[in-house]
Amino acid sequence: MIRHLLSGADLDAGTATLVLDTAAEMATVAGREVKKLPALRGRTVVNLFYEDSTRTRISFEAAAKRLSADVINFSAKGSSVAKGESLKDTALTLQAMGADAVVVRHPASGAPHRLAEWVDGSVVNAGDGTHEHPTQALLDAYTMRSRLGRLDGLHVAIVGDVLHSRVARSNVLLLSTLGAKVTLVGPPTLIPVDIAAALAPGTDVCYDLDAVLPDVDVVMMLRVQRERMGDSYFPSAREYARRYGLDGPRMRRLPGHAIVMHPGPMNRGMEITPEVADSPRSTIVEQVANGVSVRMAVLYLLLGGNNR
Ligand code: ASP
């Protein structure tokens, strides 16, 4: 097993499949009355969040606790980070506390990679700027596999604000490793030139959502990340929704078996309508539940749980 999980590209097909299979075993724990395993008893997991998060932070916390690890939650607000303490000094503090794993979210792309150079424990990237979010890609792959029975040969459309999406980047990398075909869909202003080829050969780009829908097994809607937009990338929210929003009529153009995903948080009414988000095709709530099992698997495998 690898020591850190920083990028979707860190996982080859065998390792990614091992994570998904282990997550499936972890999922059985969620159905028990006592939702706990002793696997990481005596180990310390630090959640180091420099950026807001709802699902990811709670999910990592639940995952570590279900494996009986000691969990320290560190949020940049209210810590010495607010006084200007550098990431390196924070890393040295964590090191001194004997953290076995550090789960880090940071607004700067590449911050988890730097952290991995400074601490002895495992580092898990829980989202760095617009760069990557590998555990989201793993939980998405897990959700596709459990709904559709396979990943190899699936056609997945990733739709919307690709430019600012770490979810999109990690998904392209992981899905192509696992044999799925990805088409990136969105306005030209939100799909970086050359991104498809740079991430994974075989990835397509299409600017016409309606043309792609009848041909996909999965449509993954991305949040429009207004907080990262200095400029205006499209004329208006209404115009965006009209061309790239998934609404009822568009959903009905999907093949009967196709599923609709979204990593959350959603801009309901913009990239996705409530009718779609709350429909039986939507896996949005399942994705959250699967996130705990997948993060349990990641922590368990990184901390050597399978070797003991
Ligand atoms: N929650 C995801 C992330 O942190 C997706 C999003 O924020 O749109 O990247």
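Counting starts at 1 for both ligands and their atoms, following the listed order.
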Next on the checklist: Can a side-chain donor-acceptor contact be found between Glu286 and Asn290 if the only test is distance below 3.5 angstrom?
Outcome noted: no
Checklist entry - Can you list the atoms of ligand 1 that are under 4.0 Å from a heavy atom of Val167? => result 2 (C), 5 (C), 9 (O)
Checklist entry - Do Met144 and Leu175 come within less than 4.5 Å of each other through their side chains, counting heavy atoms only? => result yes
Next on the checklist: Just to be sure I read this right, does ligand 1 sit under 4.0 Å from the backbone of Gln136, its side chain, both, or neither, counting only heavy atoms?
Outcome noted: neither
Checklist entry - Is it the case that Asp10 and His4 place a side-chain donor and acceptor less than 3.5 Å from each other? => result no
Checklist entry - Can you list the atoms of ligand 1 that are under 4.0 Å from a heavy atom of Gln225? => result 8 (O)
Next on the checklist: Closer than 4.0 Å to some heavy atom of His133 - which atoms of ligand 1 meet that?
Outcome noted: 3 (C), 4 (O), 9 (O)
Checklist entry - Do any nitrogen or oxygen atoms of Gly264 come within less than 3.5 Å of a nitrogen or oxygen of ligand 1? => result yes
Item to check | Phe60 six-ring centre to Arg295 NZ/CZ under 6.0 Å and within 45° of normal | outcome: yes
Next on the checklist: Under the criterion side-chain hydrogen bond (donor to acceptor under 3.5 Å, both in side chains), I'd like the reasoning laid out for Arg147 against Thr283: C-alpha separation, chi angles, the key distance, then a yes or no.
Outcome noted: CA-CA 9 Å; Arg147 274 277 192 129; Thr283 61; 5.9 Å; no
Checklist outcome for this item: Note: Arg105, heavy atoms under 4.0 Å from ligand 1, region reported as side chain
Next on the checklist: Under 4.0 Å, heavy-atom basis, I'd like to know which part of Thr56 is in contact with ligand 1: side chain, backbone, both or neither.
Outcome noted: neither
Item to check | Contact with ligand 1 for Ser53, non-hydrogen, under 4.0 angstrom | outcome: no
Item to check | Residue among Ile191, Thr203, Val172 satisfying side-chain contact (heavy atoms from CB on, under 4.5 Å) with Ile158 | outcome: Val172
Checklist entry - Looking at atom 9 (O) of ligand 1, what's its closest protein heavy atom, distance included? => result Arg166 NE, 2.8 Å
Checklist entry - What is the nearest protein non-hydrogen atom to atom 8 (O) of ligand 1, stated with its residue, atom name and distance? => result Arg223 NE, 2.8 Å
Next on the checklist: Is it true that Arg228 and Thr130 share a donor-acceptor pair across their side chains at a distance under 3.5 Å?
Outcome noted: no
